Amino acid sequence: MTINKSNYEIYALDYLEGNLSASELSAMKSFLKDHPLIEAEIEALQADWVELQPDPSLVYERKEILLKPVSSPKVVWFQNVNIYRWSSMVAAVLLLLFGYGLGYFSAQEETQATVATRQDTSLTPEKKETLVAVATTPEIMTPKRTINPNPKLETKPSIILDTLLSSVVNNLVENQQDTTLQAGNLIDEASESVESLMSETALLAALPPKPLPPLEETSSIKKETSSHNLLAMAEKYPKITKLIDYFVERLPFQDASKAAFVPSYFLETTE
Amino acid sequence: MTIEEYNHCVRLHSDGVFRFIFKNLAQRSDTEDVVQTTFEKLWIKREMVSYDKAKSYLFSIAYHTMIDLIRKQKFVAAYQNIPEKGDEQLERQFEAKELMDKSLAHLSPIQKSLILLRDYEGYDYEEIAKISELSLSQVKVYLFRARKKLQETIQSLEKAI
């Protein structure tokens, strides 16, 4: 290897401390022989070197603020963050699965119970005659009103109304707004209307399904049907409409469409 | 490392870190800030630092924290107070110590740090390279030049006295 003016400083300290290998020492001696000024500089450095000693009077006097409290053995277990974290995650997943399972099965039971309730309408002969008379009235026989064989869709308005009422009442309770007798009376009146609507819906579901019109007519009729059905319902059950208007006016939102608990199509108009 | 090991590092190395930083900065309040920052960083990273590597980790953090502070403040080292006259032996000792401190003040921050790590704390060249994040060749060149400058400064100060 070659030692020259550009790299001799790398080897100088090791030369003074005797840490050079045989080849490095030979190269260094050869270089210093050719450069006596540098040799004198390095030799003087070793001769005049002052040993630095640590000053024992310099101590850090505030160790207590750096120290951390040592936990008890019980808590030490929890300081193993990985184990605690994994345990928490497993417990959370198990709880979610359990809750989901409970919710799923209870929903299944609820659906079955709702269907059973709806279909379990004991029709006396008198009621059956009334039902046939009602079924053959011009209002029900008009093509604009389709009877969908799917019972779920038939009960949708009642379910929505029921949901609406319960959410409105819950909202009132939470916000402690307007607990006047008027509001309470409106709820009672509307409840009667909802009950009658639900019973009528159950009767309609008990009727044999009518054949659906062709697809093209169905789509346009469905459009008209939804708005017409709602309007017909609004006209038929003015107490429910009055209740809805009552609460919508008292919503804390400037734009009633922002009321999350009011289904949007209730707020739509035919315009 | 455990909490007990961390606390042991505090008791064992806080003086050395304090001394190293104080020799560089010569300001107690700044030195204490650097020491606290250093040990706080060790506390945060304690699970990733083993107990036997803690000393070099502490000096590395302290060194870089100090360099950052110097760059921000463009710090100039101050001299220690001179004791009252009367104790000749103490005076002689203090004069030599003061001479060295004054000479160290003429070095650049990196040169001074490397000299202190090597001669005060006894680190070898490889450890100093890790702490300062310089190459081994750079460390040896810096140290050689720092010693040359220290020697020249001491000689000139002695002549002035």
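Nothing here was measured: the structure is a model prediction, and the numbers come from that model. So you know, we letter chains A, B, ... as the sequences are listed, proteins then strands, and number each from 1.
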What part of E64(A) gets closer than 4.5 Å to chain B, counting heavy atoms only: side chain, backbone, both or neither?
neither

So what's closer than 4.5 Å to chain B heavy atoms on L16(A): side chain, backbone, both or neither?
neither

Under 4.5 Å heavy-atom distance to chain A, tell me which part of Y142(B) shows up: side chain, backbone, both or neither.
neither

Identify the heavy atoms of [X] and [Y] that sit nearest to each other, and give their distance.
X      : Y       : result
I10(A) : S137(B) : CD1-CB, 3.9 Å
R11(B) : K63(A)  : O-CE, 3.9 Å
L58(A) : K23(B)  : CD1-CE, 4.1 Å

Pair R147(B) + E9(A), salt bridge at N-O below 4.0 Å
no

Side-chain ion pair, K68(A) and E40(B), N-O less than 4.0 Å
yes

Determine the sole option in V35(B), V17(B), T31(B), I21(B) for which the side-chain contact (heavy atoms from CB on, under 4.5 Å) test with Y60(A) is passed.
V35(B)

Rounded to the nearest 0.5 Å, what separation is found between the [atom1] atom of [X] and the [atom2] atom of [Y]?
X       : Y       : atom1 : atom2 : value
L66(A)  : H13(B)  : CG    : NE2   : 13.0 Å
L13(A)  : L143(B) : CG    : CG    : 6.0 Å
K140(B) : N19(A)  : NZ    : CG    : 8.0 Å

Which one wins on heavy-atom pair count under 4.5 Å against chain A: Q138(B), Q36(B), E121(B)?
Q36(B)

Please state whether the rings of Y8(A) and F144(B) are parallel, tilted or perpendicular, taking 30° and 60° as the class boundaries.
perpendicular

Scored by heavy-atom pairs under 4.5 Å with chain B, the best of N7(A), I42(A), D14(A) is D14(A)

Tell me, yes or no, whether the heavy-atom count around H8(B) atom NE2, taken from other residues, nucleotides or ligands under 6.0 Å, exceeds 12.
no

